[in-house]
Amino acid sequence: MSPDTPLQRGFEFLLSEPDAPLSAWVQSIWSASVLQTEPVVKPLYPDAGSGIIFNLRGEVRIGTEVLPEGIIMLPVKHKAAHIALAPGAELMGVRFHPAIGFGVLGRLYDKPTLLPQEDSQYSLHETYTALQTTGSSRRIEALYQWAHCHLALILAVPDSLEKALEYVEQGDLSGGLSGYSNQSLRQIERQFKRWLGITPKHYQRVLRIKKTIGYLRKHPNAKLADVAHQFGFSDQAHMTREFRVIAEITPGKVSS
């Protein structure tokens, strides 16, 4: 692992993307600390994934939801929100790939939810206590150790759903999903609803926005009309409408 460690105006954010085999389940493991006297507000763009936050100390808010200190189970992110961290806040997290959160946690959450003390799955409470007493420079490593220990034995997603996710990411849904599989469209949609809480079409929309945001961050001077064509929007106006609905921002704001 090779954490990215930017420190800007008293805000420390460490992000590490795991190697195989952990990368099959986990997008990233991260840590954030507010060292300044002013709160920090950051956008959370949709990725159709979910995750776990270990809120070690301080006030944290996602949208209108105040996150208490403890272990917070996150819903599937299919629409943008903002996270606000008060001065002194310290938190960590594991971000799962789409559908993995359901496979790990056994359920979907409709909002950020505090894990009860009596819930002992995957030694999460023991891990939370250990993170509180671990120095910030070692927390990423400690969370990696937890993930390797507890996620390696989990059946990620059914083969049929994994193939459907790949098909949606790579293909065009205009011809439907049932052609790639012996499952009916209704069966595929039920799988998406159970594991992600959204339809295949909505999943495709979220992925397209995510990929477009990533491209605009790397190419801030790109012409938006060309970007819209490159990522399969009918035109620039269509791309802007989709950004406003899903990312709650315009493409021009991402690249500016």
Side-chain angles (χ1 to χ4, degrees), residues 1-8 10-35 40 42 44 47-60 62 67-77 83 85-86 88-109 112-158 161-162 165 195-196:
M1 61 178 179
S2 54
D4 182 22
T5 60
L7 178 60
Q8 298 179 341
F11 176 61
E12 184 179 59
F13 182 71
L14 312 179
L15 177 69
S16 181
E17 298 178 349
D19 299 323
L22 195 57
S23 59
W25 297 276
V26 175
Q27 293 189 53
S28 62
I29 291 175
W30 56 270
S31 174
S33 302
V34 181
L35 311 175
V40 171
K42 296 288 184 180
L44 297 175
D47 62 357
S50 59
I52 303 173
I53 286 179
F54 297 85
N55 185 13
L56 303 177
R57 58 185 57 86
E59 181 178 310
V60 179
I62 295 180
L67 308 189
E69 293 182 0
I71 304 163
I72 310 299
M73 319 308 274
L74 296 176
V76 172
K77 177 59 67 178
I83 185 169
L85 294 79
E90 294 185 54
L91 61 160
M92 298 194 64
V94 177
R95 192 71 188 165
F96 298 119
H97 287 297
I100 298 299
F102 181 86
V104 172
L105 306 174
R107 59 168 291 186
L108 295 178
Y109 293 84
T113 302
L114 180 67
L115 185 70
Q117 282 290 337
E118 58 270 21
D119 193 324
S120 60
Q121 64 176 329
Y122 306 129
S123 301
L124 284 168
H125 287 292
E126 291 88 339
T127 301
Y128 177 82
T129 300
L131 290 172
Q132 286 183 306
T133 58
T134 302
S136 59
S137 62
R138 300 293 302 276
R139 286 175 181 163
I140 292 283
E141 181 182 345
L143 209 46
Y144 260 91
Q145 291 174 351
W146 170 83
H148 278 293
C149 179
H150 293 282
L151 300 185
L153 300 178
I154 292 172
L155 175 63
V157 297
L161 178 59
E162 186 174 0
L165 293 169
W195 286 74
L196 285 91

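Here the structure is a predicted model, which is why all the values come from computation and not from measurement.
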Trp146 versus Leu124: any side-chain heavy-atom pair under 4.5 Å?
yes
Would you name the heavy atoms of Gln121 and Val104 that are closest together and state the gap between them?
OE1-O, 4.1 Å
Can you tell me how far apart CD1 (Ile140) and CG (Leu15) are? Round to the nearest 0.5 Å.
7.5 Å
Keeping the roles fixed (side chain from Arg139, backbone from Thr134), state whether a donor-acceptor pair exists under 3.5 Å.
yes
Could you pull out the closest heavy-atom pair between Pro18 and Ser28, with the gap in Å?
CD-CA, 4.1 Å
Identify the heavy atoms of Ala48 and Val76 that sit nearest to each other, and give their distance.
O-CG1, 3.5 Å
Quick one: do Ile52 and Phe96 satisfy side chain to side chain contact (heavy atoms under 4.5 Å, CB included)? Show the steps, please.
CA-CA 8 Å; Ile52 303 173; Phe96 298 119; 4.0 Å; yes
Measuring from atom OH of Tyr122 to atom CG of Leu115, what distance do you get when rounded to the nearest 0.5 angstrom?
11.5 Å
Checking His125 side chain against Gly70 main chain: does a donor-acceptor pair fall under 3.5 Å?
no
Correct closest heavy-atom pair for Gly49 and Gln27 would be CA-NE2, 4.3 Å
Roughly how far, to the nearest 0.5 Å, is the OG atom of Ser50 from the CZ atom of Arg107?
11.5 Å
Spatial distance of atom CG (Leu91) from atom CG (Asn55) [nearest 0.5 Å]:
5.5 Å
Shortest non-hydrogen contact from Ser33 to Glu90?
OG-CG, 3.9 Å
Which heavy atom of Ala99 sits nearest to which heavy atom of Leu196, and what is that distance?
CB-CD1, 3.6 Å
Got Arg95 and Asp47 here, is their nearest side-chain heavy-atom distance under 4.5 Å?
yes
First locate atom CG of Leu105, then atom CE of Met73, and finally report the distance between them rounded to the nearest 0.5 Å.
4.0 Å
Using only atom types and a distance under 3.5 Å, with no angle test, would you say the side chain of Glu12 pairs donor to acceptor with the backbone of Ala32?
no
Flag, side chain of Glu59 to backbone of Ala89, donor-acceptor distance under 3.5 Å
no
Is there a side-chain contact between Tyr128 and Met92 (heavy atoms, below 4.5 Å)?
no
Could you walk me through whether Leu67 and Ile62 pass side chain to side chain contact (heavy atoms under 4.5 Å, CB included), step by step?
CA-CA 7 Å; Leu67 308 189; Ile62 295 180; 3.8 Å; yes
Contact check, side chains of Leu143 and Trp30, non-hydrogen atoms, under 4.5 Å:
no
Using 30° and 60° as the class limits, which term best fits the ring planes of Phe11 and Phe13: parallel, tilted or perpendicular?
parallel
Taking atom OH of Tyr109 and atom CD1 of Ile72, what is their separation to the nearest 0.5 Å?
10.5 Å
